[in-house]
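All values derive from a computational prediction rather than experimental measurement.
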Amino acid sequence: MASDAANVRHARREDVPAILQLIRELADYEHELDSVEATEAKLLETIAFAPSPSPSPSPSDSCTSTNRDGLPHQQTETEPTSPSKPARCLVLTTPAGSPAGIALYFYNYSTWRARPGIYLEDLFVRQSERGKGYGKRLLVELAREVVAMRGGRLEWSVLKWNEPSIKFYESIGAKMMSEWVGMRVDGEGLGRLAALLD
């Protein structure tokens, strides 16, 4: 099924309750609901948002062009990212206007290529809205952003047990990075590392 009538745009502040609900649904799907520490306040502090629509939009609010498929492609100015507000979020809404999916991401860098890129932190489409091309639509929008900024790559991680997602990602051309192992320091370990040379 085509997702032509779905709308994808950068998140606005008023989307935060829906974003948090989708984050909780993702965590539940991954059997980690108890691990969610995100709150509406924390999301408001850490995501760079697009402006809310004004009653009479000015030409500087957004720029609509036509993509290769002849569909409207909207580019909206968003708040700048910063160390304390590093993330951006795309929100996909159904033709009826209901939030159906999100793509939370931030910018990264390839040392060898000396080019920027995007790291997709989380991609989620509601269970009831799957099979409509919405996940693909979100990934396409992110790929377009990488291409527009002359970036080198779009990358993300997927849980090893999530076979449906792995198959989907491979079907759109993603390659598994099996030679890499993810590493992380968090919680008390992060504090210990920060004080290691004190």
Side-chain angles (χ1 to χ4, degrees), residues 1-12 15 19 22-23 26 46-51 53 57-83 85-95 99-126 129-159 162 164-180 182:
M1 296 176 72
S3 61
D4 295 353
N7 181 48
V8 176
R9 60 173 171 75
H10 279 100
R12 303 174 186 133
D15 295 318
I19 292 168
L22 289 163
I23 289 170
L26 168 62
T46 55
I47 295 175
F49 293 100
S58 69
S60 63
D61 287 343
S62 66
C63 172
T64 302
S65 59
T66 303
N67 65 24
R68 290 188 301 186
D69 303 320
L71 299 171
H73 180 66
Q74 192 169 39
Q75 298 170 331
T76 304
E77 291 297 320
T78 59
E79 298 172 333
T81 57
S82 69
K85 194 173 272 218
R88 292 199 190 281
C89 181
L90 292 179
V91 174
L92 182 142
T93 56
T94 65
I102 54 171
L104 274 152
Y105 68 100
F106 56 88
Y107 301 105
N108 62 8
Y109 187 75
S110 169
T111 309
W112 291 359
R113 296 177 185 179
R115 292 170 75 184
I118 284 179
Y119 186 87
L120 174 60
E121 179 67 22
D122 279 311
L123 175 73
F124 182 71
V125 174
R126 280 201 159 114
E129 301 296 337
R130 293 185 188 158
K132 299 178 181 179
Y134 292 167
K136 186 182 293 184
R137 176 77 187 275
L138 286 163
L139 287 167
V140 165
E141 292 298 330
L142 288 174
R144 286 177 177 159
E145 186 170 342
V146 174
V147 169
M149 66 185 191
R150 299 178 61 205
R153 63 187 177 210
L154 169 61
E155 60 188 336
W156 61 93
S157 297
V158 59
L159 290 165
N162 195 346
S165 292
I166 292 170
K167 287 178 182 173
F168 164 64
Y169 296 144
E170 289 176 336
S171 78
I172 61 164
K175 296 183 177 116
M176 195 176 296
M177 306 287 290
S178 56
E179 68 275 19
W180 291 86

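- Within the 4.5 Å cutoff, the side chain of T81 has no heavy atoms near those of the P86 side chain.
- Remark: T94 pairs with A96, S98, A100, E129, Y134 by the side-chain contact (heavy atoms from CB on, under 4.5 Å) rule, at least two apart or across chains.
- Contact check for L120 versus L138: no side-chain heavy atoms found under the 4.5 Å cut-off.
- Under the 4.5 Å side-chain criterion, counting only non-hydrogen atoms from C-beta, L92 is not in contact with V125.
- By the side-chain hydrogen bond (donor to acceptor under 3.5 Å, both in side chains) test, R113 is found to be paired with no residue, residues two or more places apart in sequence or in another chain being considered.
- Under the ring-ring contact (aromatic ring centres under 6.0 Å, His included) criterion, Y109 pairs with no residue, sequence neighbours left out.
- Annotation for P95 and A5: closest pair CG-CB, 3.6 Å, computed over non-hydrogen atoms.
- The CG atom of L26 sits 8.0 Å away from the CD1 atom of I23 when rounded to the nearest 0.5 Å.
- Remark: F124 pairs with no residue by the ring-ring contact (aromatic ring centres under 6.0 Å, His included) rule, at least two apart or across chains.
- Checked against side-chain hydrogen bond (donor to acceptor under 3.5 Å, both in side chains), S157 has the following partners two or more places apart in sequence or in another chain: Y119.
- Partners of S82 according to the side-chain contact (heavy atoms from CB on, under 4.5 Å) rule, which considers only residues two or more places apart in sequence or in another chain, are S84, K85.
- Remark: side-chain polar atoms of R88 are paired, donor with acceptor, to backbone N or O of E79 under 3.5 angstrom.
- Of all heavy-atom pairs between M176 and I166, the closest is CE-CG2, 3.7 Å.
- Salt-bridge formation is not detected for the pair K167/E170: no Lys NZ or Arg NE/NH1/NH2 atom is positioned less than 4.0 Å from an Asp or Glu carboxylate oxygen.
- The CD atom of E121 sits 10.5 Å away from the CD1 atom of I102 when rounded to the nearest 0.5 Å.
- In this structure, OG1 on T78 lies 11.5 Å from CD1 on I47, to the nearest 0.5 angstrom.
- A search for side-chain hydrogen bond (donor to acceptor under 3.5 Å, both in side chains) contacts involving D15 returns R9, not counting sequence neighbours.
- Residue L123 comes nearest to A103 through the heavy atom pair CD1-CB, 4.1 Å, listed as atom of the first residue, atom of the second, then distance.
- You'll find the side chain of D122 stays beyond 4.5 Å of the side chain of L22, heavy atoms only.
- Considering only residues two or more places apart in sequence or on other chains, S165 meets the side-chain contact (heavy atoms from CB on, under 4.5 Å) condition with V158, N162, Y169.
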Result block: side-chain N/O donor-acceptor pairs under 3.5 angstrom for residues 145-154, not counting sequence neighbours:
| from | atom 1 | to | atom 2 | distance (Å) |
| --- | --- | --- | --- | --- |
| E145 | OE1 | Y105 | OH | 2.8 |
| E145 | OE2 | Y107 | OH | 2.4 |
| R153 | NE | E155 | OE2 | 3.2 |

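- Residues passing the side-chain contact (heavy atoms from CB on, under 4.5 Å) test with K136, sequence neighbours excluded: V140, F168, I172.
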